[in-house]
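Below you'll find the structure, written out as structure tokens, and then a few comments.
The residues of the chain are indexed from 1 along the displayed sequence.
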Amino acid sequence: MRLNQLLANCHTHFKIENEKDQEVFGISAHSKEIKQNYIFSVVKGQRYNGANFINELKDITNIVLILDKNIVLSDYTSNNIQERFVKIYTKNVVLLSGEIASLLYKNNIPNINAVTGTNGKTSVAEYSRQIWYCNKKKAASIGTLGTLFNKKLLSPSTLTTPDSITLHKTLNKLSTNHCDNIIIEASSIGIHQNRLFPLKFNKIAFTNLSRDHLDYHKNMRQYMIAKAKIFINNSHKKTIAILNSDDKKYSYFEKLCLDQRLKVLDYGKKANFLKILSISKKNNVHEIEINLKNRMKKVVMPSNSLFEVYNILCSLLIVFGEKITAKNFDCIKRLKNPKGRFEKVYDKNFQIFIDYAHTPDAIKNILTSLNNLKKNRIISIIGCGGDRDKGKRALLTKQALLLSDIVILADDNPRNEEPEKIRQEMLHNLSKKQKEKIVNIGDRKQAIKYGINILKKLDILVIAGKGHEDYQLISGEKKYFSDHETVNSIISQI
């Protein structure tokens, strides 16, 4: 597509210098991917500033730069080099880049949906994809686990919500493969950074809201507003909002959606559409009675936790919407939890679970569920990531202490912080009695080994924080580490 044609179809405001109507073959925010006749999206991120890499492109012809309107280009490159580029200045580089990417990498996927919320996004996305697949429909999920199409992993993930250019490239690839149904995990940071622009979703689901990412959003109100923006910026007249009626912020999201004139389908004990009348736990299943379209139905869900039940209900509404029938519940017996989400990895004399829980609320949910299975002790391995919300560290420990017999501190992703400092902040304001229940180890492998070695018959060990991840970020380096492989290796030696 030619540059002038691309820009003529963009609604984001821009100004152009050195204008040249040339063919455009691609766009990227990564300088190493730039080729002849490409657009370089010069994004300033938290770690890298794309402007520092402009000089690397000086020998490539027909390059277009998308630049922040306030950039002083002479700070990064000489006038002679600048004259070789077409330069497009805009107030928001990500918005314009996303819009251009959507035109270069078009898709004709009829059913694109999103799910947001503090916890449950990955499970909802995975369940939705599985339900579509069970109903013989081509489907994909995009999120923390990567991009999965039907049952195949197409690409791994580095972000819960991919950057806008990568997202549109992915949608284009899925469209080429005749994918008809997609669910995208929408993180608060991804929404705030406009990574989903200019997508408009068929359905947008909200799972819950609790403390997370306050290092980025600064306070809970800003965090909530960031989540809510998806219902404003990424909806159209026929978008359906799917809301958890039992979340404490439900009324805020319901009012916002109604103000947007969106149809609301809610689920939960307080719901109007899919109402839970009763729920009971028996062995490894939940028996629930629901009111759906003024008809009562009893449903048996294979699940160990209440939050799994809510995630499955949310997924059913994403797939079937207001046309959902009692028969659509039949497929839930075939659903499997995503890797690292309440995943039982050992079950003989004792049980070992691996879970991605890394917020106080997520720790509460997983441990509450495990206490319902409890026959002896519960031992928790927890940690906190570096360069992230410091205020939740002690809160997470206190929540684990309330619902565990022993708590082991292990390093998560320390990133650029001192691991010992993070663990000391996790111990802040704890009483002497509380500290007696804590074992501060640090090294993740040794912590897991210690946890397994002290297990007694009928104990439960939960290893929280990393889930499916197979790495640790330590001092700026990405090092291979898998909770799953570590458990298997230690168990094999017992």
Answer yes or no: are there more than 12 heavy-atom neighbours, outside [X] itself, under 6.0 Å from its atom [atom1]?
X	atom1	value
Lys364	NZ	no
Lys91	NZ	no
Lys293	NZ	yes
Tyr471	OH	yes
His11	NE2	no

- line: Residues passing the ring pair (Phe, Tyr, Trp, His ring centres under 6.0 Å) test with His484, sequence neighbours excluded, are none
Atom pair [atom1]/[atom2] of [X] and [Y] - distance to nearest 0.5 Å:
X	Y	atom1	atom2	value
Leu265	Leu313	CG	CG	12.5 Å
Asn328	Phe320	CG	CZ	4.0 Å
Ile131	Glu126	CD1	CD	10.5 Å

Can a side-chain donor-acceptor contact be found between [Y] and [X] if the only test is distance below 3.5 angstrom?
X	Y	result
Glu308	Asn337	yes
Ser303	His286	yes
Thr166	Asp163	yes
Asp212	Thr118	no
Arg341	His468	yes
Ser175	Asn172	no
Glu99	Thr12	yes
Tyr76	Asn49	yes
Asn113	Asn111	yes
Glu33	Ser28	yes
Ser97	Ser41	yes
Lys227	Thr116	yes

Aromatic ring proximity, centroids under 6.0 angstrom, [Y] and [X]:
X	Y	result
His217	Tyr223	yes
Phe342	Phe353	yes
Phe253	Phe206	yes

Do [Y] and [X] meet the salt-bridge criterion of a basic N to acidic O distance under 4.0 Å?
X	Y	value
Glu289	Lys297	no
Lys121	Glu185	no
Asp215	Lys390	no
Arg2	Glu23	yes
Lys44	Asp68	no

Donor-acceptor check, side chain of [X] to backbone of [Y], threshold 3.5 angstrom: yes or no?
X	Y	result
His30	Lys32	no
Asn194	Phe197	no
Lys87	Glu17	no
Thr147	Ile142	no

- prompt: Should the pair Lys69 and Tyr89 be classed as cation-pi, given the thresholds of under 6.0 Å to the six-membered ring centre and 45° from the axis?
  reply: no
query: Looking at Phe149, is Lys173 sitting on its ring face, NZ or CZ under 6.0 Å from the six-membered ring centre and within 45 degrees of the normal?
result: no
- prompt: By side-chain hydrogen bond (donor to acceptor under 3.5 Å, both in side chains), which residues pair with Tyr133, not counting sequence neighbours?
  reply: none
query: Can you say whether the rings of His192 and Tyr216 are parallel (under 30°), tilted (30 to 60°) or perpendicular (over 60°)?
result: perpendicular
- prompt: According to the salt bridge (Lys or Arg N to Asp or Glu O under 4.0 Å) rule, which pairs have a member within residues 252-268, sequence neighbours left out?
  reply: Lys255-Asp259, Lys263-Glu322
